[in-house]
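Notes follow the structure.
For the numbers below, each heavy atom of this structure counts, side chains included, while hydrogens, waters and symmetry mates do not. Note that this is a predicted model, so its numbers are computed, not measured. Count residues from 1 along the sequence.
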Amino acid sequence: MGQKVNPIGLRLGITRSWDSKWFAEKGKYTTLLHEDLKLRTLIKKKFYMAAISSIELERAASEKVRVIIYAARPGIIIGRKGQEIDQLRKELTKLTGKEIFLDIREVKRPEVDAQLVAENVAVQLQRRVAYRRAMKRVISSALRAGALGIKVMVAGRLGGTEIARREWYREGRVPLGTLRADLDYGVAESATTFGIIGVKVWIFKGEIIERKTKTVN
């Protein structure tokens, strides 16, 4: 039997950090967890066209939340003269009842961001682009942008067939079992007329090797 492990969860604390950074007292963990989910869902739904890669949440105090949004098109979130970001801050404050601090950061190379690549494939499938063409297009773009390896997999009623199946393409190295590998992973869904098509993307960017510093006595 094949055992499948999320590549990000496998590397937490080794080469990857957590997207939610806070400590909950006894009895408050569930409330804060659901609050995180509501915040992420609202931001992602409202600014889907801003190409949001990830959302980090930090809670230093009980009534303050710092939200860091990584997006390929941050101008959409900020808006003209900051109108959109002010409106978003008000909505999040109303949702949580806490003071919200927003930090918008730009994703410099969206071609090698696994989540954005997966969403790009999903959008192309919704526009009825052939799935093979969509997959090969993002693979070539990622390799040109500096990725050492990429694997793209789609699953569902591909091309409108009666029986669902999955297909994948891979170029370069994608070492899933190497913990020191800088491996990015993204998942997206495409709602087509034939049903939901799932998209998964793995992008290998190199190996993270920590240098051991020698102490001189």
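Among all heavy-atom pairs drawn from Ile77 and Ile104, the shortest one is CG2-CD1, 3.8 Å. Closest approach of Arg11 and Pro7 over heavy atoms only: NH1-O, 2.9 Å. The heavy-atom pair separating Ala181 from Phe204 by the smallest distance is CB-CE1, 3.6 Å. The shortest non-hydrogen separation linking Leu125 to Thr192 is O-CG2, 3.9 Å. Nearest approach of Leu143 to Glu171, heavy atoms of both residues: CD1-CB, 3.6 Å. The two residues Ala147 and Ile203 make their nearest non-hydrogen contact at CB-CG2, 3.9 Å.
In this structure a side-chain-to-backbone donor-acceptor pair under 3.5 Å is missing from Thr161 to Arg157. Side-chain atoms of Lys205 come within 3.5 Å of backbone atoms of Val112 as a donor-acceptor pair (strictly under, hydrogens ignored).
Shown here is Arg170, whose CZ atom has no more than 12 heavy atoms of other residues, nucleotides or ligands within 6.0 Å. Within a 6.0 Å radius of NZ in Lys151, more than 12 heavy atoms belonging to other residues, nucleotides or ligands are found. For Tyr29, the OH atom is loosely surrounded, since the number of other residues' heavy atoms within 6.0 Å does not exceed 12.
With a 4.5 Å cut-off on side-chain heavy atoms, Glu167 and Arg132 count as touching. Using a 4.5 Å heavy-atom cutoff, the side chains of Asp19 and Leu57 are not in contact. Between Ile197 and Glu189, every side-chain heavy-atom pair lies at or beyond the 4.5 Å cut-off. Side-chain contact between Trp22 and Leu32 is present, with at least one heavy-atom pair separated by less than 4.5 Å. Between Leu176 and Trp202 there is a side-chain heavy-atom pair separated by less than 4.5 Å. Side-chain contact check for Val199 versus Val187: every heavy-atom pair is 4.5 Å or farther apart. Residues Leu102 and Leu88 form a side-chain contact, since some pair of their non-hydrogen atoms from C-beta on lies under 4.5 Å apart. Side chains of Thr193 and Arg128 form a contact here, defined as non-hydrogen atoms less than 4.5 Å apart.
Checked by atom type, the side-chain pair Glu119/Gln115 shows a donor-acceptor distance below 3.5 Å. Checked by atom type, the side-chain pair Arg40/Ser20 shows a donor-acceptor distance below 3.5 Å. Arg137 and Gln124 form a side-chain donor-acceptor contact under 3.5 Å, judged by distance and modelled atom types alone.
The cluster map of Ile, Leu, Val, Met, Phe, Trp and Tyr, joined by side-chain heavy atoms under 4.5 Å apart, puts Ile8 and Leu179 in different clusters. Under the 4.5 Å side-chain heavy-atom criterion for Ile, Leu, Val, Met, Phe, Trp and Tyr, Val154 and Val129 are members of distinct hydrophobic clusters. One hydrophobic cluster, built from ILVMFWY side chains closer than 4.5 Å, holds both Tyr169 and Tyr131. Under the 4.5 Å side-chain heavy-atom criterion for Ile, Leu, Val, Met, Phe, Trp and Tyr, Leu148 and Ile139 are members of distinct hydrophobic clusters. Ile68 and Leu42 are members of different hydrophobic clusters when ILVMFWY side chains are connected at heavy-atom separations under 4.5 Å.
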Q: Mind running side-chain contact (heavy atoms from CB on, under 4.5 Å) on Phe47 and Ile52 for me, showing each step along the way?
A: CA-CA 8 Å; Phe47 295 104; Ile52 295 173; 3.9 Å; yes
Q) Step by step, would you call Asp36 with Arg59 a salt bridge (Lys or Arg N to Asp or Glu O under 4.0 Å)? A) CA-CA 11 Å; Asp36 280 11; Arg59 299 171 190 269; 2.5 Å; yes
(Q) Using the rule given for side-chain contact (heavy atoms from CB on, under 4.5 Å), can you reason through Leu12 versus Trp18, listing the C-alpha separation, both sets of side-chain angles and the distance that settles it, and then say yes or no? (A) CA-CA 7 Å; Leu12 280 177; Trp18 285 259; 3.7 Å; yes
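Atoms CD and OG, on Glu56 and Ser17 in that order, are 7.0 Å from each other to the nearest 0.5 Å. Interatomic distance, Asp184 CG to Ser53 OG, rounded to the nearest 0.5 Å: 6.5 Å. Taking CG of Leu92 as the reference point, atom CD1 of Ile100 lies at 5.5 Å (rounded to 0.5 Å). In this structure, Leu39 CG and Lys44 NZ are separated by 14.5 Å, a value rounded to the nearest 0.5 Å. With rounding to the nearest 0.5 angstrom, the CD1 atom of Ile78 is 5.5 Å from the CD1 atom of Ile85. A distance of 4.5 Å separates CD1 of Ile43 from CD1 of Ile55, quoted to the nearest 0.5 Å.
Using a 4.0 Å cut-off between charged side-chain N and carboxylate O, Glu58 and Lys64 make no salt bridge.
Pairs passing the side chain to side chain donor-acceptor pair (under 3.5 Å) check and including a residue from residues 94-112, sequence neighbours excluded, read Glu35-Lys98, Arg66-Asp103, Tyr70-Arg105, Asp103-Arg105.
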